[in-house]
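Reckoned from all heavy atoms, side chains included, excluding hydrogens, waters and symmetry mates. Owing to the predicted nature of the structure, the values given are computational and were not obtained by experimental measurement. Here is the naming used below: chain letters follow the sequence lines, and residue numbers restart at 1 for every chain.
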2 protein chains.
Amino acid sequence: MAADRPTGKTLAGGAYERIRGAIQDGRLRPGDRLRFADLQALCAMSVTPVREALARLTAEGFTVLDDHRGFSVAPLSLSELRDITANRKLCEGEALRLSIEKGDGQWEARLVAAHHLLARVPQGRDDMPSVIRDDWDERHAAFHQALISACGSPILLDTCLRLFGHAGRYRRVSVSLSGMRRDAEAEHRQLVELALARDGAGAVAALHAHYQGTADALEAFFDGRDA
Amino acid sequence: MAADRPTGKTLAGGAYERIRGAIQDGRLRPGDRLRFADLQALCAMSVTPVREALARLTAEGFTVLDDHRGFSVAPLSLSELRDITANRKLCEGEALRLSIEKGDGQWEARLVAAHHLLARVPQGRDDMPSVIRDDWDERHAAFHQALISACGSPILLDTCLRLFGHAGRYRRVSVSLSGMRRDAEAEHRQLVELALARDGAGAVAALHAHYQGTADALEAFFDGRDA
DNA sequence: ATGGCATGGATTTTCGAAAATCGTTGACAC
DNA sequence: GTGTCAACGATTTTCGAAAATCCATGCCAT
């Protein structure tokens with residue numbers, strides 16, 4: 001709901017954002033075949049920028065490409081969810097540890113500010129409580145980004161950002177079917193407190209528990225299905 | 001020297017491999033502007049597949065894109081080298097630990113085989129000892145891949161592969177100017193022994209030392225330059 | 001001399017159609 | 001009834017040129 005104008009600087013960039021948005025919020029579902037005709041209609045442009053957008057999305061793992069058979073939305077699976085969770089524990093855990101070790105007052109300020117914004121908006125919509133609000137999602141991402149923003153490693157930050165994006169696909173599917181997680185707020189607040197107290201080990205443990213809790217909540221949904 | 005025919009299945013795939021190869025072995029140098037006219041000549045194809053290849057390379061960090069100003073080869077810097085090294089320690093270290101913990105006989109066989117192939121070929125060319133042989137480079141990559149191939153995490157493997165590719169750019173630049181590393185062979189053999197002995201902690205420590213040694217050898221070259 | 005502005009050239013970005021490829025359907029032989 | 005093969009339709013992939021954009025040069029006014 002945030003991209004009607006040719007968003008960025010180039011059409012291809014706009015197509016990238018639009019298609020990625022459609023994948024992340026479920027309008028395009030896992031396994032769906034992506035025909036160029038449909039995507040051209042969705043993005044109101046020719047085939048070239050759409051193809052570039054799909055190339056980028058494929059490199060990031062949101063879509064897959066079978067040569068000469070076209071693109072499709074990357075499937076979701078229980079095994080990938082577990083894999084993502086394990087990698088988030090490893091990478092974001094280390095990034096958090098580094099941030100606590102090296103973060104300065106600016107970092108603390110960013111963290112407190114991001115948490116304040118996140119805590120001020122409800123997770124679900126008023127009319128449809130089982131659908132995540134767009135602004136909550138943005139602020140949630142910004143919060144986790146702020147948490148690790150002082151780690152000093154652009155590459156690690158990039159890895160974490162990529163993992164966060166992939167986890168987002170699972171988060172939304174789960175929430176739409178099994179309801180919100182009840183204690184996310186408390187866990188976020190606890191993370192801030194531990195970080196400000198410079199309790200590296202405790203904060204990393206809390207982060208691990210946070211992700212594992214999210215993953216556990218999702219496992220129920222995938223139970224039975226999956227490949 | 002390994003791609004005259006339209007390598008893969010699609011032209012774009014061939015362009016990707018060719019341009020990436022040119023970047024990794026230094027024919028295209030960091031900061032070089034990538035004009036479509038030149039690339040079309042290099043790849044012998046039209047603009048569309050070249051553009052798709054550049055989109056993929058950009059998503060993987062080998063090239064950068066300024067909107068409407070074109071693509072260029074991603075620059076090399078001392079800070080990025082340190083960042084890559086730290087991330088390799090973290091990710092490949094964990095992947096190695098997991099492989100040692102979970103690897104079976106098949107993994108051991110792959111590892112021994114890969115090491116055997118690597119040890120059988122000299123690092124530098126006979127005519128130009130300061131240039132890495134293409135086959136050594138391939139086998140070196142295969143060895144490190146085999147080392148962590150039993151970690152059970154496709155995402156972690158992908159991260160490691162990406163990091164290895166980036167580190168390769170630094171490795172070649174360094175070797176071409178300051179000569180080979182003298183003890184790489186011994187370190188590789190030691191890694192195999194520790195892995196087969198299932199000494200997780202020792203193997204990870206050896207891997208860290210291996211990467212740090214490589215990085216230290218490179219720092220000398222970058223000393224003075226860099227941004 | 002200096003700053004702003006229009007003009008030109010070089011390059012990227014996009015388009016719409018042609019060429020190539022894959023899966024499938026249907027006919028035909030065994 | 002079963003298996004093989006050829007032709008078709010749908011779709012991707014590629015092409016070559018047009019449109020859009022940016023950077024630099026030179027001109028004019030101050």
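- A cation-pi arrangement is present between Arg171(B) and Phe164(B) under the rule of less than 6.0 angstrom and at most 45 degrees off the ring axis.
- Atom pair Asp66(A):CG and dT21(C):P shows a separation of 17 Å (rounding to whole Å applied).
- Between the CG atom of Leu54(B) and the P atom of dT11(C) there is a distance of 16 Å, rounded to whole Å.
- Across all strands shown, Leu34(B) has heavy atoms under 4.0 Å from sugar-phosphate atoms exclusively, and none from any base.
- Each of His68(A) and Arg51(B) has a nearest nucleotide on DNA chain C; the 5'-most of these lies closest to Arg51(B).
- Annotation: salt bridge (Lys or Arg N to Asp or Glu O under 4.0 Å) contacts of Asp216(B) (sequence neighbours excluded): none.
- For DNA chain D, the outermost nucleotides in 5' to 3' order that have an atom under 4.0 Å from a heavy atom of chain A are dT11(D) to dC22(D).
- Note on ring orientation: taking the six-membered ring where Trp is involved, the planes of His140(A) and His144(A) are perpendicular (angle over 60°, cut-offs 30° and 60°).
- Contact between Leu147(A) and Trp107(A) at its shortest, heavy atoms only, is O-NE1, 3.3 Å.
- Annotation: salt bridge (Lys or Arg N to Asp or Glu O under 4.0 Å) contacts of Arg33(A) (sequence neighbours excluded): none.
- When the options His115(B), His210(B), His116(B) are evaluated for a ring pair (Phe, Tyr, Trp, His ring centres under 6.0 Å) with His188(B), the one that passes is His210(B).
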